[in-house]
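To keep things clear, I will list the structure first and then write my remarks on it.
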There are 2 protein chains.
Amino acid sequence: MKKVKVSIRDIAKECNVSVATVSRVLNNSGAVKEETRRLVQSVIERYNYRPNELARGLFTQRTKSIGVILPEITSHFFAKVFLEIEKASIEYEQTVFLCNTLSDNALQDFYTLRLSEKQVDGLLLLGGRVNETKTNVQYVKLLKDYIFPTPVVIINGKLDGYYDRCASVSSDEHEAMFQALDYLTGLGHRKIGFLGGKRGIMSTDIKLKALDEAKSSFDYEMREEWIKLSSYTYQGGVNAMNELLKEKELPTAIISINDEVAAGVINTCISKGIKVPGDFSVLGFDDSSISTITMPGITTLAHPYEELGSIAVNFLNNMINEKPLKDVTNISLKMSLVERESCAAPRRSIRSWK
Amino acid sequence: MKKVKVSIRDIAKECNVSVATVSRVLNNSGAVKEETRRLVQSVIERYNYRPNELARGLFTQRTKSIGVILPEITSHFFAKVFLEIEKASIEYEQTVFLCNTLSDNALQDFYTLRLSEKQVDGLLLLGGRVNETKTNVQYVKLLKDYIFPTPVVIINGKLDGYYDRCASVSSDEHEAMFQALDYLTGLGHRKIGFLGGKRGIMSTDIKLKALDEAKSSFDYEMREEWIKLSSYTYQGGVNAMNELLKEKELPTAIISINDEVAAGVINTCISKGIKVPGDFSVLGFDDSSISTITMPGITTLAHPYEELGSIAVNFLNNMINEKPLKDVTNISLKMSLVERESCAAPRRSIRSWK
DNA sequence: AAAACTGATGTAACGCGTTACATCTCTATT
DNA sequence: AATAGAGATGTAACGCGTTACATCAGTTTT
């Protein structure tokens, strides 16, 4: 293959020194005479020389690249986490490959293999399969077969099987539901519904479980018919709310799986003349950008985005550098309530729009 | 450096063939006896062997990696374009590095150098500096010094200087403004304002220029005091609208730099009891996800996201493979009007809220 | 003055996949 | 039977940065 860029050997020749010396200048390693260093430095600049990371990585077995696999970057939650991951990885001098699986398991496998071929130093997984109970097992096998010993960190997800070099960082959605319920019951709500999401997906299952378990801690009623699952989208919120409105008796507060669904719920109400928070209080999840756009703004539980990203990258690099993870390889971070306008005390009277 | 993964030599040894033969099986190149091929194949699978892309890239001078540099992936516009870029790059077997500059020029330079060291096959640039008139010139120098001859494609931006291996793909925002004005004047509007954005940034300058030029084609009035620049955010929309409302005489229709600004404008109106589209028609730009969330939904001009991404990747790969770009290296794509509820005919009477 | 040591620099192997070229076997042609 | 040609496979150099080890000059110690 013909070469086109200047290499370390070209620089060495031009300086009348060996490649070892140039390499030492490049890495500030070993002893180099000040005069030589300046000479080499100046030639490097004159030639706009930059070392080839491939060659470096081939020898050092470290590419300074990491891979992030997630379902869709257009989803605000993933975009925010990704941005924090990238910010955090600057410190470790890592550059990141982003792979969107579009929730397609085959594509996820494909990208996983691809990143392995690219010799990434670590893998960050969020959402998608690590969020589902199905198909997760096969994925662990893939990791074992092709990724090991490259370390993996899961963000807000889990692995159904044992992969030796794995850590995880999560938002504590279970505790967040307790916060939500505490807040809503504190406002005076006793009848609480749940809209959106899908069973078999972690963020739904956890919240549903918490909703059930919290009954012993707080005073509220929760009925099967007030739970309308659908999806994670605006339209899913619209559909779920329409379903709920068919019920004879209704809750006074609604917890939505996320802010997109909450927006659908709120807008459905408003277009029917139902007041939010007057007739219904609507609580969201995620603190996504649209929570400030709806009117009323959505009161929601925020993920600790920055920590999610920085701790994940930190964990990953500890594993990369074989630093012991001091026993904790799975960490759960508190979510925080962000109050906007979509929740208030329930009305005493019969609903005005009925 | 100790090795940990199995290499082509291990496979060759296990099969009692040469590395060349294994390589031929791997790449389906050259003649290999069917029996040998099967043997090699089976050993590859048994060992879960995957070729090392670094080594391959080092020799072939092709990494099958491309870099995307943009300001912030959390912005819906960039996320959507990015997703399309990634989809398109699958066909070319390319994986993509994503770098967020946070609109910091130093960071943009840093990432550019980094991607060059990683030997990316091509670079995709969107927004940020390629969108500003300032500092752009220095960036071209950086490209020339360190990126050349790696090809570059600019999406919705420009380079103030000549970089030999560059193409661009843009949404035709100039024509889109004519569409907007045609639509609004068709509805009966004669007084049109413009909110949001910032001078010196392409998407603002283009629209402002078109707003002025279209006066000869359509019948409308446009006054300096109806143009309130601010930023590209929701808050920027709120601020700009508040400024506009201080004017004695007001337009009946407002064009916003993008949908975020339009949302701010709409919500500002609504909270003041001003009707949209009753009292003001509000037109957005971009067709971002929030345009369906506001009430009313935002009538907006949509970017041809899919083409933007696929053509950019296509251009890039033509340059990578030295295919002539048949004269057109800069292409401009039509935007399309998406009607929702934020625009209507102007009222005849004095505004009700005054 | 010899030995020991420090600092500066060079040599060459290494990591790993690819491919030009060489070699060898076997069939087909005349 | 001799030659040409096709097919299969091996050898070794290459791309490029890194580093263990060797070498050599110059200085310090005794």
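Protein chains get the first letters and strands the later ones, always in sequence-line order, with residue 1 at the start of each. Here the structure is a predicted model, which means the values were calculated and not measured.
- A straight line from CG of A:L54 to C1' of D:dT18 spans 15 Å, rounded to a whole angstrom.
- Note: CD1 (B:I44) to C1' (C:dC16) measures 14 Å, nearest angstrom.
- For C:dC14, the OP1/OP2 oxygens have no side-chain nitrogen or oxygen of A:Q61 closer than 4.0 Å.
- The distance from atom CD of B:E53 to atom C1' of C:dT18 is 13 Å, rounded to the nearest whole Å.
- Remark: the A:N314 side chain and the A:Y92 side chain contain an N/O donor-acceptor pair separated by less than 3.5 Å.
- A side-chain donor-acceptor contact under 3.5 Å links B:D121 to the backbone of B:T63.
- Nucleotide C:dC16 holds its P atom 7 Å from the CG atom of B:N52, rounded to whole Å.
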Restricting both atoms to N or O, compile the protein contacts to nucleotides 4-13 of chain C shorter than 3.5 Å, with distance only.
unit_1	atom_1	unit_2	atom_2	d
C:dT9	OP1	A:T36	OG1	2.6
C:dT9	OP2	A:K33	N	2.9
C:dT9	OP2	A:T36	OG1	3.3
C:dG10	OP2	A:S18	N	2.6
C:dG10	OP2	A:S18	OG	2.9
C:dG10	OP2	A:T21	OG1	2.8
C:dG10	N7	A:R24	NH2	3.0
C:dG10	O6	A:R24	NH1	3.4

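- For the residue pair A:Q94 and A:N317, a side-chain donor N or O sits within less than 3.5 Å of a side-chain acceptor on the partner.
- A heavy-atom distance below 4.5 Å is not found between the side chains of A:K118 and B:R50.
- Between B:S29 and B:A55, the one whose closest nucleotide on DNA chain C sits nearer the 5' end is B:A55.
- With hydrogens and angles left out, the side-chain atoms of A:E14 and A:Y49 include no donor and acceptor closer than 3.5 Å.
- The distance between atom CG of A:L58 and atom P of C:dG17, rounded to the nearest whole Å, is 9 Å.
- Here A:N27 reaches the OP1 or OP2 of D:dT18: one of its side-chain N or O atoms lies under 4.0 Å away.
- When the options B:N105, B:D109, B:T112 are evaluated for a side-chain hydrogen bond (donor to acceptor under 3.5 Å, both in side chains) with B:Y139, the one that passes is B:T112.
- Look at A:Y49 and you'll find a side-chain N or O under 4.0 angstrom from OP1 or OP2 of D:dG17.
- A salt bridge does not link B:E117 with B:R114: every distance from a Lys NZ or Arg NE/NH1/NH2 to an Asp or Glu carboxylate oxygen is 4.0 Å or more.
- Taking atom CG on B:L39 and atom C1' on D:dT9, their separation rounds to 13 Å, with Å as the unit.
- For A:S23 and D:dT18, the shortest distance from a side-chain N or O to OP1 or OP2 is below 4.0 Å.
- Between the NZ atom of A:K64 and the P atom of D:dT18 there is a distance of 12 Å, given to the nearest Å.
- In this structure, B:R56 atom CZ and C:dT19 atom P are separated by 9 Å, rounded to whole Å.
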